[in-house]
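A note on names: the letters A, B, ... follow the listed sequences, proteins ahead of strands, and every chain is numbered from 1. Values below: all heavy atoms of this structure, side chains included; hydrogens, waters and symmetry mates excluded.
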Amino acid sequence: MRPPMKPRLRFAPSPTGYLHIGGARTALFNWLYARKHGGTFVLRIEDTDQERSTKESLQAILDGLTWLGIDWDEGPGKEGAHGPYFQMQKLAHYAKVAQQLIDTGWAYRDYSTEEELAAARKAFAAEKGLKEGDDLRSAGFKFSSPWREKKDTSDKPALIRFKMPRREGRFGFDDQVLGRIEKPYDDFDDFVIMRSDGVPLYNFGCVIDDHDMAITHVARGQEHINSTFAQLMLYEALGWTPPLFAHIPLIFAQDNSKLSKRKHPEADVMRHKANGILPHALINFIARLGWSHGNEEIFTRDDLIQKFDFEHVGKSQGVWNPEKLTATNKHWLKNTEPLQLAMALLPYLQAAGVPDAACDAKLELGVRAFNERSATLVEMAEKLKPYYAKGVTIDGAAAAKHLGPEGKALLAKAKTELEALKEWTAAIIDPVVMVVATAANVKAGAVAQPIRVAATGGTASPGIGVTLELLGREETLHRIDAALR
RNA sequence: GGCCCUGUCGUCUAGUGGCCUAGGACGGAGCCCUCUCACGGCUUAAACCCGGGUUCGAAUCCCGGCAGGGUCACCA
């Protein structure tokens with residue numbers, strides 16, 4: 001038995017905008033499959049739409065993937081044996097293949113002009129009695145090029161069309177998630193594979209590249225199902241073996257419309273970074289949106305690699321659920337090594353206005369205190385910020401409730417006890433509350449709250465011991481003095 | 001409109017003919033823990049789109065409706 005071929009998968013974005021959540025998930029699924037089977041993950045840039053492609057978009061996509069930890073074995077910055085990985089660098093090659101298709105009768109040069117096409121549309125509309133703005137497609141408009149049967153090899157600018165064979169019956173493929181999908185042949189018209197300026201169109205470039213790059217599995221959004229049929233014909237015409245296809249369901253926004261860049265800010269992967277979501281939390285969340293493994297919800301990176309398969313990718317569209325993303329983020333905030341979390345938090349802390357924060361013992365303590373009290377890194381930074389400040393503004397309502405005469409008397413007693421401590425750690429500080437409370441015959445809360453308000457300015461904080469340790473002895477006593485005055 | 005895909009709690013989903021008086025997670029409600037806030041624990045409400053078959057038996061198979069979505073560019 002010969003060893004199974006190592007799979008090669010790819011993610012092929014067009015650099016026409018930031019990394020979209022849907023794209024990120026497509027990339028993730030391909031990446032997971034490649035990693036699981038010890039295969040190769042290729043990043044290919046489909047930059048043939050010169051109108052919209054930009055360098056900034058390319059960088060944004062690269063940044064997005066990098067932030068998520070989705071690394072590629074071949075692609076930009078990682079030249080491999082199957083390059084180039086930018087389509088615009090392969091124009092001559094595409095032209096050669098197109099010519100081959102013309103030579104074998106599978107394609108033809110079409111000299112129709114934009115004007116002729118427009119005229120055809122207009123004539124159709126008139127015949128059907130359609131008004132301006134009506135959808136010609138739903139009315140059944142099809143353009144049949146007069147050049148399909150003509151022989152002309154002049155040098156005039158021409159686009160190249162694939163010559164769809166006139167056949168009876170149906171054709172299709174076995175989708176890895178949807179199962180068998182078929183369509184009638186006559187549902188297809190000739191389609192453009194090369195623009196008149198020599199730049200290939202999506203279906204054409206995609207097929208050639210997937211072949212050149214020896215891609216074995218193509219996982220992409222369900223919106224591509226129809227192009228898969230066109231591509232299948234191209235494979236037949238070229239005599240190539242197509243890869244296996246897996247069409248994954250689309251992601252919708254909460255308003256039940258397709259998650260779009262314009263309407264939905266959450267569609268931008270990097271937006272989540274700005275919002276303080278951990279990259280792995282986002283990975284965990286989008287993996288579960290459309291894929292499942294029994295009742296499991298939480299997966300480490302290795303879990304995902306080990307457990308992912310196309311068989312358990314769902315068939316129906318999923319709706320973006322911000323609450324669940326937050327919940328997933330909270331989970332990973334609580335379950336990430338404090339030191340690692342501290343490093344991730346540092347930039348957020350600096351952005352929050354704590355320039356002197358460093359990845360030290362204090363930050364680690366702070367992270368341990370607030371990782372289960374924050375939903376995002378942004379929130380955690382905001383909560384930690386007062387612990388790096390000198391002095392604090394006390395909330396009026398909190399003072400009124402806890403720093404009355406009684407509260408102040410208890411606070412003063414606590415202060416005496418605190419000053420006497422030889423060490424300043426949570427374990428040593430904590431008992432002070434009970435000592436004072438017992439002596440005064442009051443509940444622990446009657447002592448803890450005045451201390452908390454004095455130290456933090458508010459009524460909510462981690463345990464008194466941790467809170468004061470984090471603040472430091474000197475700052476704590478200063479704040480208590482200030483509150484007592 | 002043609003063609004194609006899909007249809008389990010509000011949302012993500014488990015479920016591949018009997019284990020389903022349908023399970024988990026998020027969100028909701030309530031309780032417990034407690035120095036506050038959290039965390040954690042427990043309890044609870046909430047779904048098989050509809051109608052026909054097939055079968056001893058259907059969320060699961062078949063057919064028909066209905067609903068949602070995709071696609072029909074010299075975009076990808």
Kindly say whether, by distance alone, the side chain of [X] makes a donor-acceptor pair under 3.5 Å with the base of [N]?
{"X": "A:Asn226", "N": "B:rC3", "result": "no"}
{"X": "A:Glu297", "N": "B:rG24", "result": "yes"}
{"X": "A:Ser461", "N": "B:rC37", "result": "no"}
{"X": "A:Arg452", "N": "B:rC37", "result": "no"}

Quiz item: Ring centres of A:Phe173 and A:Phe229 under 6.0 Å apart?
Solution: yes
Practice problem: Taking the six-membered ring for Trp and the single ring otherwise, decide whether the centroids of A:Trp291 and A:Phe308 are under 6.0 Å apart. | Solution: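 Yes, they do, as the ring centres are separated by less than 6.0 Å.
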Quiz prompt | Distance, rounded to the nearest Å, where A:Glu296 contributes CD and B:rG15 contributes P | solution =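 So the two atoms are 12 Å apart, to the nearest Å.
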Please tell me which of the listed nucleotides, [options], lies nearest to the side chain of [X]?
{"X": "A:His224", "options": "B:rC35, B:rA73, B:rA76", "value": "B:rA76"}
{"X": "A:Thr459", "options": "B:rG69, B:rU36, B:rC35", "value": "B:rU36"}
{"X": "A:Ile181", "options": "B:rC37, B:rG40, B:rC5", "value": "B:rC5"}

Practice problem: Establish, for the pair A:Lys258 and A:Phe252, whether the NZ or CZ atom is under 6.0 angstrom from the six-membered ring centre and no further than 45 degrees off its axis. | Solution: no
Self-check item: Pairing residues for A:Arg137 by the side chain to side chain contact (heavy atoms under 4.5 Å, CB included) criterion, not counting sequence neighbours
Solution: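 Checked A:Arg137 against side chain to side chain contact (heavy atoms under 4.5 Å, CB included); matches are A:Asp135.
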Quiz prompt | B:rA14 phosphate, OP1 or OP2, under 4.0 Å from A:Ser292 side-chain N/O | solution = yes
